[in-house]
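Structure first, commentary second.
Here is how names work: the chains are called A, B, and so on, in the same order as the sequence lines, proteins then strands, and each is numbered from 1. Every heavy atom of this structure was used, including side-chain atoms; hydrogens, water molecules and symmetry mates were not. Model, not experiment: these values are computed from the prediction.
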Amino acid sequence: MTVRVRMAPSPTGFLHIGGIRTFLFNWLFARGRGGECLLRIENTDTSREVAEATEQIQRSLQWLGTDWDGPVTFQLDAMERCGGLARQLVEEGKAYEDEGAIRFRMPDEGVTAWDDAVLGRIEVPNAQLEDLVIVRSDGRATYNFANPVEDMDERITDVIRGRDHISNTPKQLQILQALGHEPPVYAHVPDVLGNDGKKLSKRHGATSIDEFRTAGYIPSALMNFLALLGWAPDGETTVMPPEELVRRFSLDRVGASPATLDYEKLDWMNGVYLRAMRPEEYADALVSYLREQGYDWPEDRVRAAAPLVQDKIERLGQFPGFAGFLFGPVESDAVQLDGGGEMLAGAEEALAALEPFTAQAIEQALRQLADRLGQKPRQAFQPIRIAVTGSKVSPGLFESIELLGRDEALARIRAARA
RNA sequence: GCCCCCGUCGACUAGCGGCCCAGGUCACGGCCCUUUCAAGGCCGUAGCGCGGGUUCGAAUCCCGCCGGGGGCACCA
């Protein structure tokens, strides 16, 4: 039987990273098995619907690099179908009317059980189950009815969802049984928590895909990181690009305990992916990122600057702060420059006549200068760095000077001396 | 209150009775390299929640406790 899963968010707000991670598991599972992955918006509660949510969800999923098969479906479209099935259940005595609504009759004895693909066997005493409303008095089906009905109609084979749905599962199992349908395999994946062990929220840092995107993370790195939240192939392998994740993912290696987001590890991983890119690819990513963020810096200069920063920043969002001096004026701090007057004077002189004006030649000239002044390169170059880049921390000095050009570099050195 | 789930270094995890006086990755500390910062190389600190069992032997199995999370809607 072909694997078929569905991602089923409710459009009640933006999708946070925990929800994204759950969908990622669905996607990895389906794609690794040649199966299908559907996207269903569960919008039966129209009062809680947020207008932008449906669009935001799709945009997030796409940006991450996941996709789905067929058109996006909406649960609201299944209301008629659900109503029909509800009436059928009433006729069969499996449900009954109650103040205008329809309630499903739950058994009073025995247990409802299933073998959860990540948690193992779960049994719930039926006495625990109350007769639940499956159709509201206004005629709309409730989530706990529409959900299994759609899973049935769409021939979903595996339901991979958050653990907050565990208590819904026995109810849905009962409904499916009453409908005479073989239930799918259920897999309840653990939550993603903030660094204080509490449910992920705004104050923990970025939680939406949009925020990660703005901060300059790249999709494959974020996907890799997210996949590792609750899943590990072997305990050794850490860096796995999307294709490898798809190939290796399996539900039986998804853990049962909740995971905490570690932004520092994400940063590290993003850096790994950034450094692994081919220079051109990296420049492309940088250019489109900056454009997306509203910078109007000249593209050729951004491309020229890309190699200077590729090994040094781990988020594209660090570029403006780190290499902004290449695109606008700087202010060098007189205090930091203290004691560098001699070096600056020498540098101005050396650079003024230097030919060719290349990083290599610049390095040679400045090293000779430092040597002549009896200074260690470390201390000698710092005043120049501050004068030229406006910071104690910068990309390679010689390459930076070359890129800036002789005129601008000299102007900055003069300004610092003044 | 009732029900369900979870509990290995600070974080993500490997471990499914002996291979573990617990391994990998991030973070952290030290050293090396070095024009700053990174990157890279080497070394290191740090953990099986607690208490009982079972067993020749337990991180691994069982029970209890404690701690954390989720659910008990005409929400999804």
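- Both A:Gln75 and A:Arg253 lie near RNA chain B, and the one whose nearest nucleotide falls closer to the 5' end is A:Arg253.
- Nucleic acid contact class of A:Ile166 (heavy atoms, under 4.0 Å, all strands): sugar-phosphate only.
- For B:U36, the OP1/OP2 oxygens have a side-chain nitrogen or oxygen of A:Arg378 closer than 4.0 Å.
- A:Ser394 comes within contact range of at least one nucleobase, with a heavy-atom separation under 4.0 Å.
- Residue-to-nucleotide contacts include no donor-acceptor pair under 3.5 Å from the side chain of A:Asp164 to the base of B:A76.
- Side-chain to base pairing of A:Lys312 with B:U36: one donor and one acceptor N or O lie within less than 3.5 Å of each other.
- Across B:A59 and B:A22, the matching C1' atoms stand 8 Å from one another, rounded to whole Å.
- Searching all strands for a Watson-Crick or G-U wobble partner of B:C16 with both distances below 3.5 Å returns nothing.
- At B:C75, one or more side-chain N or O atoms of A:Arg136 fall inside 4.0 Å of OP1 or OP2 (strictly under the cut-off).
- B:A39 and B:G64 are spaced 49 Å apart, taking the P atom of each and rounding to whole Å.
- Using Watson-Crick or G-U wobble geometry with both donor-acceptor distances under 3.5 Å, B:G67 finds its partner in B:C6.
- Of the residues near RNA chain B, A:Val133 and A:Ile313, the one whose nearest nucleotide (by heavy atom distance) lies more toward the 5' end is A:Ile313.
- The base of B:C74 sits within donor-acceptor range of the side chain of A:Ser137, with an N or O pair under 3.5 Å.
- For A:His188 and B:G70, the ring-to-base geometry does not satisfy the stacking test (centroid distance below 5.5 Å, interplanar angle below 30°).
- Across the protein-nucleic acid pair, A:Leu193 atom CG and B:G67 atom C1' stand 14 Å apart, rounded to whole Å.
- Under 4.0 angstrom from either OP1 or OP2 of B:C74 there lies no side-chain N or O belonging to A:Arg140.
- Checking B:A76, B:G23, B:U36 against every side-chain atom of A:Asn144, the shortest atom distance belongs to B:A76.
- Nucleotide B:G40 is matched to B:C32 when pairs are restricted to Watson-Crick or G-U wobble geometry with both distances under 3.5 angstrom.
- Within the nucleic acid shown, A:Phe225 has no heavy atom closer than 4.0 Å to any nucleic acid atom.
- Relative to the six-membered ring of A:Phe381, A:Arg378 misses at least one condition, a distance below 6.0 Å or an angle of at most 45° to the axis.
- Taking 3.5 Å as the limit, the base of B:U25 and the side chain of A:Lys265 contain a donor-acceptor pair of atoms between them.
- The residue A:Asn168 sits close to a base: some heavy atom pair falls under 4.0 Å.
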